[in-house]
Amino acid sequence: MRRDYDVAVVGAGLVGAAIAYGLAKDGRRVCLLDEGDIALRASRANFALVWVQTKGHGYPPYAILTHRSASLWSSFAQEVEAETGVDLGFQQPGGFTFALSEEELEGRRRILDEVQAQPGVPDLGSRIVLRNELISLIPEAGPEVVGASYCAKDGHCNSPRLLLALHRGFGMRGGDLLTNRTVETITAGRDGFSILGEGEEIQAGKIVLAAGLGNIRLAPMVGLDAPLQPLKGQLIVTEKVRPFLHYPLVNLRQTDEGGVMIGSSMEDMGFDTSSVVPVVANMAKRAIRLFPLLAEANIVRSWAGLRIMTPDGFPLYEQSQEAPGAFLCNCHSGVTLAAAHAGDLAQAIGRGNLDGFGAFSGERLRVQAAQ
Amino acid sequence: MFKRLSEASGRVLSFTFDGQPLEGREGDSLAAALLAGGVGVFRTTVPSDASRGPYCLMGVCFDCLVEVDGVANRQACMIPLREGMCVTPQRRARQLGE
Ligand SMILES: Cc1cc2nc3c(=O)[nH]c(=O)nc-3n(C[C@H](O)[C@H](O)[C@H](O)COP(=O)(O)OP(=O)(O)OC[C@H]3O[C@@H](n4cnc5c(N)ncnc54)[C@H](O)[C@@H]3O)c2cc1C
């Protein structure tokens, strides 16, 4: 069998681009295949948080992975910025989730404690901050804010620039980014995979399925299963204003360019990506309760994206038993996990085994389903 | 730089830009009246304070931002000129809570 590439990565969103960027580091020949501009792309819609505080509640391996990625993020950002010259706008001052009642604050306290108490979870540096202290850090917080949960590992970045930088860095490391290449069929051969799309055929030793929701269709071609659901999220951005907020909140942050982003609804609406006024209006109302000064700010844009949700919300990394060399990679938090994807996960795929990622195989879902 | 096609149409309206008295015509957008009055620089950019003026004149580019009667970041191309408007350039980003 002819071999054009050592690895073909399908899907050039944040997940595929981070993995491909990592794989291309060690002189492998890697290609990254993507659809055209109209594709569904969570990576172009997201809120850009590197977020730790309550990730992996109920599943310690995910809390550990998230903590690891957030810890790697700053050196990852330095490496990407040095190679590509793109400023990722990464900041990790710690992040807050504001509570608007004692009851909400109590809920935050409980969830922080529960995540931290799970076996093997490192010290996340999270705690409850009461109103007096909070006001000294963030004087613009509204009168209804009673306190907040805080985690020192939380941060944010400029996610469109992250995607741009990964594409650019991948190219600079010698990778081939092939756009307008919707993959239609994948056939596993004896020593590799034949990948057909838009009338072109590519042969690769390994294949990584990182096509987001597109994995639902592609996974069965290599003996894998991607039981994913879209979960709609709407976002708002205001006009650019002078910096006033120096910490990200889970649902509100000021970008490095000055706009205030307000997120994110959770709506089970199938593949609908329309922007809906009543939902956006509710988000804006809550934002004004958090920061009354936002009542003056003009909204310049709102949009919706589709989260890529596994049945339990945790990532799915799996190698096909039927067609070894084929890997499935899906997760909900592709910004947060970008550092781990470009590092540990790319290395594991390069090695050819996902040792260390066993907790994220689809096995857990099959066990749950059988019970 | 700009000349009116016809002087006949519309009542004359007075307004100020950065303290300077100007005149426009009823039916002008604020951006058109400023351009006709010889104003080129409407705002400066957020990151570098570079000068900008209207580009698209149809509500898309946000390069014609000005402060109108104390309200910041208004699109001059989307606002009809009114008698007595007090207009100032939009300098860099707006400050909330002032
Ligand atoms: C509203 C919202 C807010 C979010 N906020 C955050 C956040 O704050 N922090 C965070 O970490 N995460 C956040 N996320 C999640 C994050 O955006 C996703 O985890 C991440 O973008 C997923 O990347 P992906 O590459 O898997 O998928 P996608 O970005 O969807 O990319 C998949 C790619 O695969 C391509 N593709 C599909 N089928 C094929 C095919 N057959 N052939 C070739 N290419 C194909 C598509 O064209 C697409 O480019 C948010 C998501 C949403 C929707």
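By convention in this document, chain letters (A, B, ...) are assigned in the order of the sequence lines, proteins followed by strands, and residues within each chain are numbered from 1.
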Heavy-atom check, side chain of A:Leu245 versus side chain of A:Ile138, under 4.5 Å: yes
field: Listed once per pair and sorted, the salt bridge (Lys or Arg N to Asp or Glu O under 4.0 Å) pairs that draw on residues 72-83 of chain A, sequence neighbours left out
entry: A:Lys25-A:Glu79, A:Glu79-A:Arg173, A:Glu83-A:Arg173
- prompt: Which atoms form the tightest heavy-atom contact between A:Ser264 and A:Arg307, and what is the distance?
  reply: CB-NH2, 3.2 Å
- request: For residues A:Phe96 and A:Tyr150, establish whether the separation of their ring centroids is below 6.0 Å.
  value: yes
Check: every donor-acceptor pair under 3.5 Å linking chain A and chain B:
from	atom 1	to	atom 2	distance (Å)
A:Glu239	OE1	B:Asn73	ND2	2.5
A:Glu239	OE2	B:Arg94	NH1	2.4
A:Arg242	N	B:Arg94	O	2.7
A:Arg242	NE	B:Ala93	O	2.8
A:Arg242	NH2	B:Arg91	O	3.4
A:Arg242	NH2	B:Ala93	O	3.1
A:Glu296	O	B:Arg94	NH1	3.1
A:Glu296	O	B:Arg94	NH2	3.1
A:Glu296	OE1	B:Arg94	NH2	3.4
A:Glu296	OE2	B:Gly97	N	3.2

query: Without hydrogens or angle criteria, can the side chains of A:Ser74 and A:Gln92 be said to hold a donor-acceptor pair below 3.5 Å?
result: no
- prompt: Which atom names give the shortest non-hydrogen contact between A:Leu88 and A:Cys157, and what distance separates them?
  reply: O-CB, 3.4 Å
